[in-house]
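Protein chains get the first letters and strands the later ones, always in sequence-line order, with residue 1 at the start of each.
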Amino acid sequence: MSFKRFTITAALPYANGPVHIGHLAGVYVPADIYVRYMRLQEKDVLFICGSDELGVPITLRAKKEGISPQDVVDRYHAMIAKSFEEFGISFDHYSRTSSPVHWETSSEFFKKLYQDGVFTEESSKQYFDEESQQFLADRYIQGTCPNCGFAAAYGDQCEHCGSSLSPTDLKQPKSMLSGKPPVLKETKHWYLPMDQYENWLRKYILEDHREWKTNVYGQCKSWIDQGLKPRAMTRDLDWGVPVPLEEAKGKVLYVWFDAPIGYISATKEWAKANNRNWEPYWKDSDTRLIHFIGKDNIVFHCIIFPVILKAHGDYILPDNVPANEFLNLEGDKISTSRNWAVWLHEFLEELPGKQDVLRYVLCANAPETKDNDFTWKEFQARNNNELVAIFGNFINRAVVLTHKYFDGQVPPMGKTNDLDTEILDRLAEYPVQIGGSLENFKFREALNQMMDVARMGNKYLADTEPWKVIKQDKQRVGTILNLSLQIAANLSILADPFLPRTCEKLRAILGIDKLKWADSGKQNLLQTGNQLENAALLFEKIEDSVVEQQIEKLKASKLENNPDQQVQTRPQKPEITFDDFLKLDIRIGKVVSAEKVAKSKKLLKLVVDTGLEERVIVSGIAQNYTPEQAVGQTVTVLLNLMPRKIMGIESQGMILMAEDADGRFGFLQPDKEVKPGGEVS
RNA sequence: GGCGUGGUAGCUCAGCUGGUUAGAGCGCAGGAUUCAUAAUCCUGAGGUCGGGAGUUCAAGUCUCCCCCACGCUACCA
């Protein structure tokens with residue numbers, strides 16, 4: 001099928017924090033490269049994005065900071081929009097899901113599906129805070145974990161033992177709004193019956209879109225094969241788009257219902273501002289809809305959103321969803337809460353003018369097929385060894401030589417020899433190659449091919465040695481330099497999607513206007529006699545000190561984070577008497593044998609010599625110790641704990657562990673050798 | 001536990017439906033060169049293609065088992 005227009009979306013950044021390099025590498029850089037390429041092709045392309053500003057985490061953050069959710073999203077929306085702008089992500093429109101157009105669009109969408117009888121209604125009992133008169137999101141409920149006894153477990157998860165919970169599991173639940181115990185109250189929600197769309201999804205994805213990236217296709221298949229369940233499209237919350245039904249007072253649309261519709265709302269805003277019609281971009285079958293996202297969004301963009309669109313009936317469906325994996329930073333997962341990230345707004349401030357370098361590095365090292373790692377050392381190396389040494393250097397050589405021998409005027413191309421012809425032939429092939437790679441979302445490959453053009457230029461100069469030939473044959477040198485400059489002019493097109501600012505500079509040096517992709521591959525982009533500007537460096541070397549400073553900064557944030565986590569240290573438990581303590585029989589033991597408990601991730605079955613006898617104790621330490629590492633360890637054992645069956649094995653006691661701030665466990669061991677049976681008091 | 005994706009030179013990755021001595025870039029070593037931000041160009045070293053078994057005339061490429069990483073999901077509590 002040939003498409004007339006292209007609607008390209010990039011995942012909506014969630015407005016509870018700034019944008020970091022992981023977002024850029026996974027979503028915005030590839031999307032922007034793709035869009036810039038399409039524009040050079042003179043395609044009708046629309047690039048849409050915006051801030052996702054609704055949902056529970058934002059309300060939590062607002063609460064924590066003592067400000068309103070609106071304050072939170074205003075702050076981050078402004079910050080994100082500004083840094084995208086400065087970085088050069090060329091959205092046609094950057095919107096936000098708190099905009100009136102979006103509320104209108106998403107609630108109309110809901111209404112249409114409701115009227116068409118798409119939703120199923122279901123009532124269930126949820127916790128309700130009587131004092132503040134509202135239903136409580138899972139995260140708003142705290143209580144005692146039924147699993148480990150941790151007193152401040154959340155309704156969806158216990159952060160102490162990691163088990164996932166449902167709010168009704170909690171003992172002594174408390175509302176985090178009023179601090180009072182919530183009551184169970186009946187509430188009704190509207191569900192999207194995903195299960196009814198299973199066959200349709202199978203055809204849509206598994207049959208009709210076999211070309212999707214393997215990670216995306218595989219993940220979709222996995223979801224579909226596991227069986228889809230109805231999913232609630234409404235929530236009891238006060239921060240979101242109100243459900244447009246009389247009987248749904250106080251309820252809002254589920255963020256993952258409204259967020260993707262945000263792409264449509266943004267398109268409407270763009271159309272209005274530019275006096276265009278938005279509808280063809282979403283409704284004409286000759287429009288190609290492409291979503292750039294990270295892997296965490298696959299299910300929403302490939303399954304839920306298409307079902308919503310299909311249920312509505314008037315809309316086209318995503319034709320491709322090129323999801324990337326994740327980018328790590330210096331070996332660790334990027335984490336907003338732990339401040340382990342390179343934030344875009346800080347990068348722009350601390351390394352001014354280095355936008356294209358970051359684009360280059362993130363593209364060259366994009367997590368296209370698997371998670372990848374960003375290191376500052378690599379950032380420096382790619383800049384110095386590739387951008388400076390290959391790309392910048394080639395341009396500089398060609399321009400400097402032209403100034404030296406021809407006063408900066410493009411010399412005529414005389415008779416071409418075999419080598420020249422070969423170079424010109426290859427030059428004509430690159431646009432096809434690079435374009436092909438880009439169209440297949442192989443950005444790394446495309447970038448590499450683009451750099452090959454510069455490599456070819458360097459080799460051509462080395463092979464023809466104009467600085468030697470000039471002594472005998474100036475005309476020949478003219479041909480060599482003309483050809484070299486034509487390569488440079490071609491680069492100003494071929495590199496433009498990747499390095500837009502650089503190409504602007506390059507065009508200024510060459511004295512040409514912005515060209516189209518269709519011009520690339522040609523050997524006459526520069527006219528003879530065209531006056532060049534003086535050579536200006538396109539890239540500068542990055543010194544060790546610059547990257548060392550960034551590495552130091554990261555190290556510092558790692559240190560800062562520890563005290564931060566200690567803030568979360570649990571408060572002291574209620575006072576006990578000495579007699580209480582005496583009830584505990586704690587002794588030193590030695591691990592005799594250890595094996596993994598089948599079907600469990602965390603549990604090890606240990607046999608421990610307690611001095612009295614050998615006992616079986618099940619312990620949740622498998623993520624910190626292999627059975628081999630555990631055997632032979634001296635451990636501290638709570639001996640007289642009531643035996644309990646864990647996954648079918650009776651555990652006769654408990655191994656005492658010390659837990660670090662990062663969640664790792666360590667055995668509690670005496671600093672001097674103590675034989676099994678030694679008492680702890 | 002189930003499912004998905006990945007595991008190929010020091011690093012980052014190509015290797016299509018199985019077929020001659022497994023490739024590229026960066027890094028490294030040696031050489032050439034000086035127009036260029038000591039940049040460039042050439043040459044070279046370096047891989048039992050995660051491990052094991054199997055199918056085949058032939059396997060990185062297919063099948064089975066196992067290990068590791070990341071993700072999704074379930075069960076147990």
Side-chain angles (χ1 to χ4, degrees), chain A residues 145-149 158 161-165 169 213-227 229 294-299 303 323-328 333 361 364-375 377-378 380-405 437 442 444-445 447-449 451-452 454-470 477 480-481 484 535-543 596-603 618 620 626 644-649 651:
Chain A
C145 174
N147 211 7
C148 68
C158 171
C161 68
S163 49
S164 58
L165 305 169
D169 293 339
K213 288 177 63 172
T214 50
N215 58 338
V216 177
Y217 187 92
Q219 186 66 60
C220 289
K221 186 172 180 341
S222 174
W223 275 88
I224 295 171
D225 285 347
Q226 273 174 35
K229 288 179 203 144
K295 66 173 164 186
D296 50 333
N297 275 193
I298 290 174
V299 65
I303 311 263
N324 274 337
E325 304 281 310
F326 285 154
L327 188 69
N328 293 329
K333 276 186 197 182
V361 174
N365 194 27
E368 278 177 13
T369 52
K370 63 172 185 191
D371 290 1
N372 253 336
D373 196 28
F374 175 94
T375 64
K377 231 184 98 199
E378 189 191 345
Q380 181 191 28
R382 290 223 185 245
N383 179 76
N384 293 356
N385 305 332
E386 298 178 29
L387 289 176
V388 172
I390 297 169
F391 192 107
N393 187 225
F394 166 64
I395 302 295
N396 193 237
R397 296 172 82 185
V399 173
V400 165
L401 286 168
T402 306
H403 275 285
K404 202 159 188 168
Y405 302 142
S437 297
K442 294 187 172 177
R444 277 192 315 224
E445 186 177 273
L447 184 73
N448 210 21
Q449 289 163 346
M451 289 300 282
D452 280 343
R455 287 191 183 98
M456 179 176 82
N458 276 318
K459 181 165 164 51
Y460 178 69
L461 285 177
D463 289 347
T464 54
E465 299 183 304
W467 50 91
K468 278 189 184 166
V469 177
I470 192 69
V477 172
I480 293 168
L481 290 181
S484 301
L537 295 181
L538 293 178
F539 302 100
E540 287 169 352
K541 283 205 148 201
I542 292 174
E543 300 301 327
K596 276 200 166 171
V597 175
K599 287 193 174 196
S600 135
K601 240 183 215 171
K602 293 182 178 172
L603 301 182
V618 178
T626 63
R644 174 178 170 191
K645 268 203 171 179
I646 300 173
M647 298 199 68
I649 304 164
S651 180

Inset, instruction - Could you encode protein contacts along nucleotides 11-16 of chain B as a string, one character per nucleotide from 5' to 3', using B for base contact, S for sugar-phosphate-only contact and - for no contact, with a heavy-atom cut-off of under 4.0 Å? - result: -SSS--
Legend entry - Sidechain-backbone polar pair: A/Lys370 side chain, A/Glu325 backbone, donor-acceptor under 3.5 Å: no
Legend entry - Same-atom distance (P) from B/G18 to B/A77, integer angstrom: 48 Å
Inset, instruction - Rounded off to whole Å, could you give me the CD-to-C1' distance for the A/Glu386 and B/C26 pair? - result: 6 Å
Legend entry - Expected output: side-chain A/Asn396 to main-chain A/Gly392 donor-acceptor under 3.5 Å: no
Legend entry - Whole-Å gap separating C1' (B/G25) and CD (A/Gln449): 13 Å
Inset, instruction - Please determine, for B/A32, whether a Watson-Crick or G-U wobble partner exists with both distances under 3.5 Å, and give it or none. - result: B/U40
Legend entry - Length of the CD1-P vector between A/Ile298 and B/U73, whole Å: 12 Å
Legend entry - N/O donor-acceptor pair under 3.5 Å between A/Asn383 side chain and A/Glu540 backbone: yes
Inset, instruction - Could you tell me whether the side chain of A/Ser484 and the main chain of A/Ile480 form a donor-acceptor pair under 3.5 Å? - result: yes
Inset, instruction - Please measure how far the C1' atom in B/C26 lies from the corresponding atom in B/C16, and state the result in whole Å. - result: 26 Å
Legend entry - Backbone of A/Lys541 reached by a side-chain donor or acceptor of A/Asn384 within 3.5 Å: no
Inset, instruction - Find the partner of B/C75: check Watson-Crick (N1-N3 plus N6-O4 or O6-N4) and G-U wobble (N1-O2, O6-N3) distances, both under 3.5 Å, and reply none if neither fits. - result: none
Inset, instruction - Just name whichever nucleotide pairs with B/A69, Watson-Crick or G-U, keeping both distances under 3.5 Å, else none. - result: B/U5
Inset, instruction - Write down the distance separating the C1' atoms in B/C42 and B/U33, rounded off to the nearest Å. - result: 10 Å
Inset, instruction - Sequence neighbours left out, what pairs pass salt bridge (Lys or Arg N to Asp or Glu O under 4.0 Å) with at least one residue falling in residues 391-405 of chain A? - result: none
Inset, instruction - Rounded off to whole Å, could you give me the CG-to-P distance for the A/Leu401 and B/U34 pair? - result: 13 Å
Legend entry - Atom P, compared across B/C28 and B/U20: separation rounded to whole Å: 33 Å
Legend entry - Watson-Crick or G-U wobble mate for B/C26, both contacts under 3.5 Å: B/G10
Inset, instruction - State whether the number of non-hydrogen atoms from other residues, nucleotides or ligands found under 6.0 Å of A/Glu445 atom CD is greater than 12. - result: yes
Legend entry - Distance in angstrom units between A/Ile470 CD1 and B/C35 C1', rounded: 11 Å
Legend entry - Value rounded to 0.5 Å, distance of OG1 in A/Thr214 from NZ in A/Lys221: 14.0 Å
Legend entry - Integer-rounded Å distance: B/G27 P and A/Asn383 CG: 13 Å
Inset, instruction - Mind checking side chain to side chain contact (heavy atoms under 4.5 Å, CB included) for A/Phe326 and listing every partner two or more places apart, or none if nothing turns up? - result: A/Lys295, A/Asp296, A/Asp371
Pairs: protein N or O with nucleotides 37-41 of chain B N or O, under 3.5 Å:
| unit_1 | atom_1 | unit_2 | atom_2 | d |
| --- | --- | --- | --- | --- |
| B/U37 | N3 | A/Phe539 | O | 2.6 |
| B/U37 | O4 | A/Phe539 | N | 3.4 |
| B/U37 | O4 | A/Phe539 | O | 2.5 |
| B/A39 | OP1 | A/Lys541 | NZ | 2.8 |
| B/A39 | O2' | A/Ala389 | O | 3.1 |
| B/A39 | O2' | A/Asn393 | OD1 | 2.9 |
| B/U40 | O2' | A/Arg397 | NH1 | 3.0 |

Legend entry - P spacing across the pair B/U17 / B/A29, given as an integer number of angstrom: 39 Å
Legend entry - ring pair (Phe, Tyr, Trp, His ring centres under 6.0 Å) partners of A/Phe374, counting only residues at least two apart: A/Trp376
Inset, instruction - Rounded to the nearest angstrom, tell me the gap between atom CG in A/Asn215 and atom P in B/G6. - result: 8 Å
Legend entry - N/O donor-acceptor pair under 3.5 Å between A/Asn215 side chain and A/Thr369 backbone: no
Inset, instruction - Indicate whether OP1 or OP2 belonging to B/U5 is found under 4.0 Å from a side-chain N or O atom of A/Ser222. - result: no
For nucleotides 44-46 of chain B, tabulate all protein N/O to nucleotide N/O atom pairs closer than 3.5 Å, reporting atom names and distance.
none

Legend entry - Same-atom distance (P) from B/G23 to B/U48, integer angstrom: 15 Å
Inset, instruction - Could you check whether A/Lys468 gets within reach of a base, just the sugar-phosphate, or nothing at all, counting any heavy atom under 4.0 Å? - result: sugar-phosphate
Inset, instruction - Can you measure from CD (A/Glu465) to CD1 (A/Ile470) and round to the nearest 0.5 angstrom? - result: 13.5 Å
Legend entry - G-U wobble or Watson-Crick pairing nucleotide for B/C64 (cut-off 3.5 Å, both distances): B/G52
Inset, instruction - Please state how far atom CG in A/Leu461 lies from atom C1' in B/U33, giving the value in whole angstrom units. - result: 13 Å
Legend entry - Whole-angstrom distance between B/G6 and B/G15, as gauged at atom P: 11 Å
Inset, instruction - Please tell me if the side chains of A/Arg444 and A/Asn372 come closer than 4.5 Å, counting only heavy atoms from C-beta onward. - result: yes
Inset, instruction - Quote, to the nearest angstrom, the C1' distance that separates B/A45 from B/A58. - result: 30 Å
Legend entry - Watson-Crick or G-U wobble partner of B/G19, both distances under 3.5 Å: B/C57
